[in-house]
Amino acid sequence: MLKSHYYEDLVEAGCDEAGRGCLAGSVYAAAVILPPDYQNELLNDSKKLTAKKRYALRATIEHDAVAWAVGIVTPEEIDKINILNASFLAMHRALDQLEVRPEAVIVDGNRFKPYRDLPSTTIVKGDGKYLSIAAASILAKTYRDDYMISLAEEYPQYDWQSNMGYPTEKHRLAIREHGITPYHRKSYNLLGDGQLSFDF
């Protein structure tokens with residue numbers, strides 16, 4: 001069973017992102033505040049759940065949460081500020097939208113840019129340790145998957161409905177064959193060979 005909170009007696013938001021390692025598409029982050037002493041034994045790191053379970057849990061999280069929100073940073077912004085800063089910005093945008101103001105923030109991973117003047121703690125593999133981070137990982141992942149599946153209709157040759165923009169062999173072959181789309185991150189090594197042969 002994952003833990004319900006890290007900070008004692010503070011309204012705590014858990015944050016996580018999805019899509020950091022992708023070659024294409026925006027990076028998404030979610031922030032979730034769960035009720036005190038919330039329990040849900042089905043919640044876990046989104047990567048350990050099937051897509052069907054993630055989407056079922058998304059509905060539960062949205063119903064049960066005190067507040068939740070999703071923040072998005074575009075490929076153009078990623079290319080300007082780099083993916084690490086873009087991940088922080090996506091989390092900050094999610095936190096900005098929460099209808100209940102958090103008093104502390106816990107974040108999956110080992111780096112975070114402090115949000116306003118709130119205390120914050122990074123937790124490595126936090127999405128497998130704390131319920132609110134697990135909930136954020138599920139929202140970020142499912143909303144980003146919805147977005148990539150919709151982009152796949154516009155650009156079917158890149159197989160985004162299956163790879164979600166990650167660097168699979170099929171995705172890289174499609175880049176080699178068809179070039180890039182407006183959704184590709186130009187600052188990334190898109191061909192995976194250390195060479196970028198595109199004229200940007």
Side-chain angles (χ1 to χ4, degrees), residues 1-22 25-73 83-84 86-116 118-149 163-166:
M1 185 73 184
L2 278 56
K3 295 173 187 167
S4 66
H5 63 276
Y6 179 88
Y7 290 93
E8 290 289 339
D9 304 321
L10 291 178
V11 176
E12 175 179 286
C15 287
D16 200 3
E17 53 72 32
R20 205 154 98 169
C22 296
S26 300
V27 65
Y28 275 54
V32 179
I33 299 173
L34 293 171
D37 302 320
Y38 181 72
Q39 293 190 328
N40 185 334
E41 61 222 17
L42 299 176
L43 270 185
N44 204 341
D45 170 4
S46 65
K47 295 184 287 298
K48 294 179 180 169
L49 301 169
T50 63
K52 188 177 177 184
K53 284 182 180 169
R54 281 195 294 266
Y55 280 98
L57 280 166
R58 178 167 93 178
T60 304
I61 293 159
E62 291 175 358
H63 177 268
D64 293 352
V66 172
W68 65 272
V70 174
I72 301 166
V73 176
I83 188 59
L84 185 64
S87 298
F88 299 156
L89 179 57
M91 289 184 201
H92 286 201
R93 285 178 176 170
L95 289 162
D96 284 343
Q97 295 173 70
L98 289 173
E99 292 179 359
V100 174
R101 297 317 308 155
E103 298 165 343
V105 182
I106 57 173
V107 181
D108 182 53
N110 60 3
R111 294 173 79 180
F112 182 62
K113 186 178 177 185
Y115 177 72
R116 301 188 182 178
L118 299 187
S120 60
T121 299
T122 56
I123 299 160
V124 174
K125 297 189 176 167
D127 48 4
K129 295 173 183 172
Y130 288 89
L131 289 166
S132 62
I133 301 179
S137 80
I138 289 163
L139 294 191
K141 170 73 174 151
T142 54
Y143 277 101
R144 190 177 185 281
D145 285 357
D146 290 348
Y147 154 77
M148 289 308 297
I149 290 164
N163 63 48
M164 302 303 170
Y166 282 93

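Below, each value reflects all heavy atoms present in this structure, side chains not excepted, and no hydrogens, waters or symmetry copies.
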TODO: For D108 and D127, indicate whether the former's side chain and the latter's backbone hold a donor-acceptor pair under 3.5 Å.
DONE: yes
Open item on the list: Check whether R20 reaches the backbone of I83 with its side chain - one donor and one acceptor, N or O, closer than 3.5 Å.
Closed with: no
TODO: May I have the step-by-step check of side chain to side chain contact (heavy atoms under 4.5 Å, CB included) for V105 and F112, ending in yes or no?
DONE: CA-CA 10 Å; V105 182; F112 182 62; 4.3 Å; yes
- [ ] List the steps, then state whether side chain to side chain contact (heavy atoms under 4.5 Å, CB included) holds for L43 with Y38.
- [x] CA-CA 11 Å; L43 270 185; Y38 181 72; 4.2 Å; yes
TODO: Evaluate the side-chain proximity of M91 to E17: yes if any heavy-atom separation is below 4.5 Å, no if none is.
DONE: yes
Task: Closest approach of K113 to H92 (non-hydrogen atoms, all atoms of both residues) - done: O-NE2, 2.8 Å
TODO: State the OH-CD1 distance between Y6 and I133, to the nearest 0.5 angstrom.
DONE: 10.0 Å
TODO: List the atom of V73, the atom of A90, and the distance in Å for their closest heavy-atom pair.
DONE: CG2-N, 3.5 Å
TODO: Would you give the length of the straight line joining atom OG1 of T121 to atom OH of Y7, rounded to the nearest 0.5 angstrom?
DONE: 2.5 Å
Task: L139 to V32 - nearest heavy-atom pair and separation - done: CD1-CG2, 3.8 Å
Task: R111 side chain reached by F88 side chain, heavy atoms, under 4.5 Å - done: yes
Task: Minimum heavy-atom distance between G25 and M148, given as atom pair plus value - done: CA-SD, 3.9 Å
- [ ] State, yes or no, whether a side-chain contact exists between L34 and S4 at a heavy-atom distance under 4.5 Å.
- [x] no
Open item on the list: Restricting to non-hydrogen atoms, name the atom on L131 and the atom on M1 that form the minimum distance, rounded to 0.1 Å.
Closed with: CD1-CE, 4.5 Å
- [ ] Could you check L118 against E12 for side chain to side chain contact (heavy atoms under 4.5 Å, CB included), going step by step and ending with a plain yes or no?
- [x] CA-CA 10 Å; L118 299 187; E12 175 179 286; over 6 Å; no
Open item on the list: Rounded to the nearest 0.5 Å, what separates atom CD in E99 from atom CD1 in I33?
Closed with: 10.0 Å
Open item on the list: D45 vs K125, test: side chain to side chain contact (heavy atoms under 4.5 Å, CB included). Steps then yes/no.
Closed with: CA-CA 8 Å; D45 170 4; K125 297 189 176 167; over 6 Å; no
TODO: Over all heavy atoms of both residues, which pair between K141 and M164 is shortest? Give the atoms and the distance, please.
DONE: NZ-CG, 4.2 Å
Report, one line per pair, each donor and acceptor closer than 3.5 Å where one atom sits in a side chain of residues 54-62; sequence neighbours left out.
from, atom 1, to, atom 2, distance (Å)
R54, NH1, S46, O, 2.8
R54, NH1, L49, O, 2.8
Y55, OH, T142, O, 3.3
Y55, OH, D146, OD1, 2.6
R58, NH1, T142, OG1, 3.4
R58, NH1, D146, OD2, 3.0
R58, NH2, D146, OD2, 3.3
T60, OG1, A56, O, 3.3
E62, OE2, Y143, OH, 2.5

Task: Side-chain touch Y130/L2, heavy atoms, less than 4.5 angstrom - done: no
Open item on the list: Using a 3.5 Å distance criterion without hydrogens, assess whether the side chain of Q97 forms a donor-acceptor pair with backbone atoms of V70.
Closed with: yes
